[in-house]
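The structure appears right after this line, and notes come after that.
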Amino acid sequence: MKAIRRFTVRPVLPEPLRPLSDLARNLRWSWHTETRDLFQSVDPERWAASEGDPVRLLGSVPPARLAELAGDRRFLRRLTAVADDLNDYVTGDRWYQSRPQAAELPAAVAYFSPEFGITAALPQYSGGLGILAGDHLKSASDLGVPLIGVGLLYRHGYFRQTLSRDGWQQEHYPVLDPNELPVVPLKEADGTPAHVSLALPGGRVLRARIWLAQVGRVPLLMLDSDVEDNDFGERGVTDRLYGGGSEHRLLQEMLLGIGGVRAVRTYCRLTGHAEPEVFHTNEGHAGFLGLERIAELCAQGLEFDSALEAVRAGTVFTTHTPVPAGIDRFDRELVAHHFGPDAELPGIGVEHILRLGMETYPGGEPNLFNMAVMGLRLAQRANGVSLLHGNVSREMFAGLWPGFDADEVPITSVTNGVHAPTWVAPEVVRLGARQLGDRRTEEALTVGGTERWDAVADVGDQEIWDLRRNLREQLVLEVRERLRASWRQRGAGTAELGWIDQALDPDVLTIGFARRVPSYKRLTLMLRDRDRLMDLLLHSERPVQVVVAGKAHPADDGGKRLVQELVRFADDPRVRHRIVFLPDYGMAMAQKLLPGCDIWLNNPLRPLEACGTSGMKSALNGGLNLSVLDGWWDEWFQPDFGWAIPTADGAATDPDRRDDIEAAALYDLLEQRVTPRFYERGRSGLPDRWIEMVRQTLTLLGPKVLAGRMVREYVERLYTPAAHAHRSMTPDAAAGLAAWKVRARAAWHGVSVDHVEAAVSTATAELGTTLALRVRVRLGDLTPDDVEVQAVSGRVDSEDRITDATTVPLKPTGGPDLEGHWTYEGPLSLDRTGPYGYTVRILPAHRLLASGAELGLVTAPSQGAVEGAGVLMR
Ligand SMILES: *Cc1c(COP(=O)(O)O)cnc(C)c1O
């Protein structure tokens, strides 16, 4: 019988156990072992049945057991200690509070993301982007950064994956009841639930409730359109993550961006939380947040252009997508239809909005509205997520800053990190604590700092090896359980499954590969030469075993075919004890899987992996990375602690040939380098060279791959300057900047470099010489206050391109001459030997610009202006 209505009856906790409810509602339990241990001791069996979810646990414990605990003095003492610890954590000073110049730091930062992976108990993520967002919030909490997270609450989250008998991915969308999730409704002062609403075309209204998840110190606001006041269509806006067609996606993104800002305002009004000075958008999906803030300022009387400047100053945009095809784009008409007089943001002309998303560069599509392009135009500061991805992004978006070389495009990079307390196995933390003590271990994992990690160097070989063996064995047991469940689900009977007791071996070198299954990640590269893989798996002395997991996007049949190919290979009775595919990859599985793998394999098509983070989680548990030099591995790989799979990018343009070459390189590495090192024994009887690599992984990579390091970089390099810019941008300053930009753009055609001369013969240039540069320029209607005239110098390549440029501003001498020329002068010191060159250029300059490239305007010397420029010294 199917119920016609469903609701949740909440448990009533006896008074002495009340703190349990607070502990369950603050998601800090998800990275705090003592809190989880406490919940486990409430009822170990039900804890396991609830899959480690305190809200579900408390909903299932019988009143008799609760009564018993309410009288258990030992339990109550532990409860008090854990509750006090949370209280200290939430209220005490942390890294942020002890910064010098605390007044310079933003009073609050709003962080928007379409998905958040915080714990398996709040399944609101599909993969890396969401888990990164979750790790960002948790680290911000650990560091005391006053962040407010903003996202959507999807009633079906992302799908759950099972397999059909023949290995085809099946998708399930279990409905999530917010009353059974670790969230509470945000309430108005009168106790009614807080809402936001958006006006839709045709007089429709999209309403959403605001749920609040507490992530340590950080509130996460989640908007949920499944409310009774909405019409049927609008109720479904937040039904599932990345589902539906274009209009559905647009509505989700409008709700996230515009509704998200309204939710932040509501939250601050109701709780007294400081208003954000900085808005950070994790990928382009939340980009409409900038439009809502422009509309707010226009309502206060600012012109659009001034409001745009004010909003840009306090906005940070992070791009994650190294391929143009991966960017969200909408039909212009669809966007136009949803903004304007009878829909949202009636105060902003629709033309203004459309112009922000236009692809105004060669190859751009005039009829598409590009969310990343809008993101970049609405943010004065932008970044990619690894050094390499920063380069790729600067190339990819260079068209938005015409006249500038890609390396001057104002997109920086902050390399991603992972939240160690979430991803490091408790066994590893305990080993650290024995070495360092609890406090310093916690600091090493959250704040970072190389000094704290150096102590790992003193851990003995035997201890490291025992730890790795222990983690591997736990993995093997976990895999067998999951494998059995999957086979049952695929329709196998118990009698067929005896072999599972022998699946995997706790003493065999274990390789992990788990991630989403877009084609660029090449799930099946390892199957390229099946015989060679089989030889590796079944080697008599040096076998390997492989654990694979991953979900294909529901609309991606190509990805599902890859999953099926892998499953069919792993189903083969000859190898099924050495290679397994586990369905339904998610955070809970990742937390069990990652620590037990000796090798974490990653073989994307370079450079399509913007950063990649699972290998970082592996490294923090002493797993060694075996990866293509892409994303973070390109930046931090060293032969001391891992292996780089050589790539054929550039050499092999045919994708099939490229896969062949890279797969062969992978097999070679495994046969010749990886397996011998794992199985060879040193004098001590241990694989000491392997153990040394584990140690190097921990000491050298440990402090780098932390989300704490990442969030500190965001605070120091992006949030603080953005807060500063935001504060400088009073309405008058914003109007002044906007007017100045109009003037500079209009006058720029009158700017030229007419004459350049160097006062020393360049023929005799030698190291240490200083050239006196003299430049004559025209500034048209602008003055020296509006521009910077720069000498740019450095090493030149064979085509005379300056490769590692140094820029020096030149100074005007006196006023303009009768022909309107200004003279600029400055020294140019030849501080490098070899091929060397310089040039001169003029950029617009204003104290409120974050980068000289911001306007995309630059003027180089005109033909014939140069006397002795472009010097070459050899
Ligand atoms: C870390 C993680 C990811 C991201 O992994 P990548 O290596 O960046 O692809 C995806 N899913 C889960 C469950 C994770 O834990």
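Quick note: numbers below take in every heavy atom, side chains included, and nothing from hydrogens, waters or symmetry partners. Keep in mind that this is a model prediction, so the values were computed, not measured. Just follow the structure's listing: the first ligand is 1, and inside any ligand the first atom is 1.
- Scanning the protein for heavy atoms near atom 11 (N) of ligand 1, the closest one is Tyr585 CE2, 3.4 Å.
- Per-residue contacts place Gly612 under 4.0 angstrom from the following atoms of ligand 1 (heavy atoms of the residue considered): 8 (O).
- For atom 10 (C) of ligand 1, the nearest protein heavy atom (residue, atom name, distance) is Gly128 N, 3.7 Å.
- Near Ala590, with a cut-off below 4.0 Å to any heavy atom, the atoms of ligand 1 are 15 (O).
- For His280 and Tyr719, the gap between ring centers is short of 6.0 Å.
- A salt bridge links Glu171 with Lys560: the closest approach of a Lys/Arg side-chain nitrogen to an acidic carboxylate oxygen falls below 4.0 angstrom.
- For ligand 1 and Ile131, the ligand atoms under 4.0 Å from any heavy atom of the residue are 2 (C), 11 (N), 12 (C), 13 (C), 14 (C), 15 (O).
- Those atoms of ligand 1 that come under 4.0 Å of a heavy atom in Trp423, given as number and element, are 15 (O).
- In this structure, Met589 does not count as a contact residue of ligand 1, since none of its heavy atoms falls inside 4.0 Å of the ligand.
- A 6.0 Å sphere centred on CZ of Arg673 holds no more than 12 heavy atoms belonging to other residues, nucleotides or ligands.
- Where the criterion is an N or O separation shorter than 3.5 Å, residue side chain and backbone included, Glu609 fails it with respect to ligand 1.
- Among Arg515, Lys617, Met587, the residue whose heavy atom lies closest to atom 14 (C) of ligand 1 is Lys617.
- Residues Trp423 and Asp135 have side chains that bring a donor and an acceptor to within less than 3.5 angstrom of each other.
- Protein heavy atom closest to atom 7 (O) of ligand 1, with residue, atom name and distance, is Ser614 OG, 2.4 Å.
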Exercise answer: donor-acceptor pairs, residues 578-585 side-chain atoms, under 3.5 Å, sequence neighbours excluded:
unit_1: Arg578; atom_1: NH1; unit_2: Leu537; atom_2: O; d: 2.9
unit_1: Asp584; atom_1: OD1; unit_2: Gln161; atom_2: N; d: 2.9
unit_1: Asp584; atom_1: OD2; unit_2: Arg160; atom_2: NE; d: 2.7
unit_1: Asp584; atom_1: OD2; unit_2: Arg160; atom_2: NH2; d: 3.0

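- Close approach of ligand 1 to Gly586 (heavy-atom distance below 4.0 Å) involves ligand atoms 13 (C).
- Shown in contact with Lys521 at under 4.0 Å from a heavy atom are these atoms of ligand 1, numbered in order with element: 6 (P), 9 (O).
- At a 4.0 Å heavy-atom cut-off, ligand 1 touches Thr613 through backbone and side chain alike.
- With Phe159 as the aromatic partner, Arg240 does not meet the cation-pi criteria of under 6.0 angstrom to the ring centre and within 45 degrees of the ring axis.
- By the ring pair (Phe, Tyr, Trp, His ring centres under 6.0 Å) test, Phe569 pairs with no residue at all, sequence neighbours left out.
- Side-chain rings of His136 and Tyr714 approach one another, their centers coming within less than 6.0 Å.
- A cation-pi arrangement is present between Arg490 and Trp487, with the terminal nitrogen or guanidinium carbon under 6.0 Å from the aromatic centre and inside a 45° cone about the axis.
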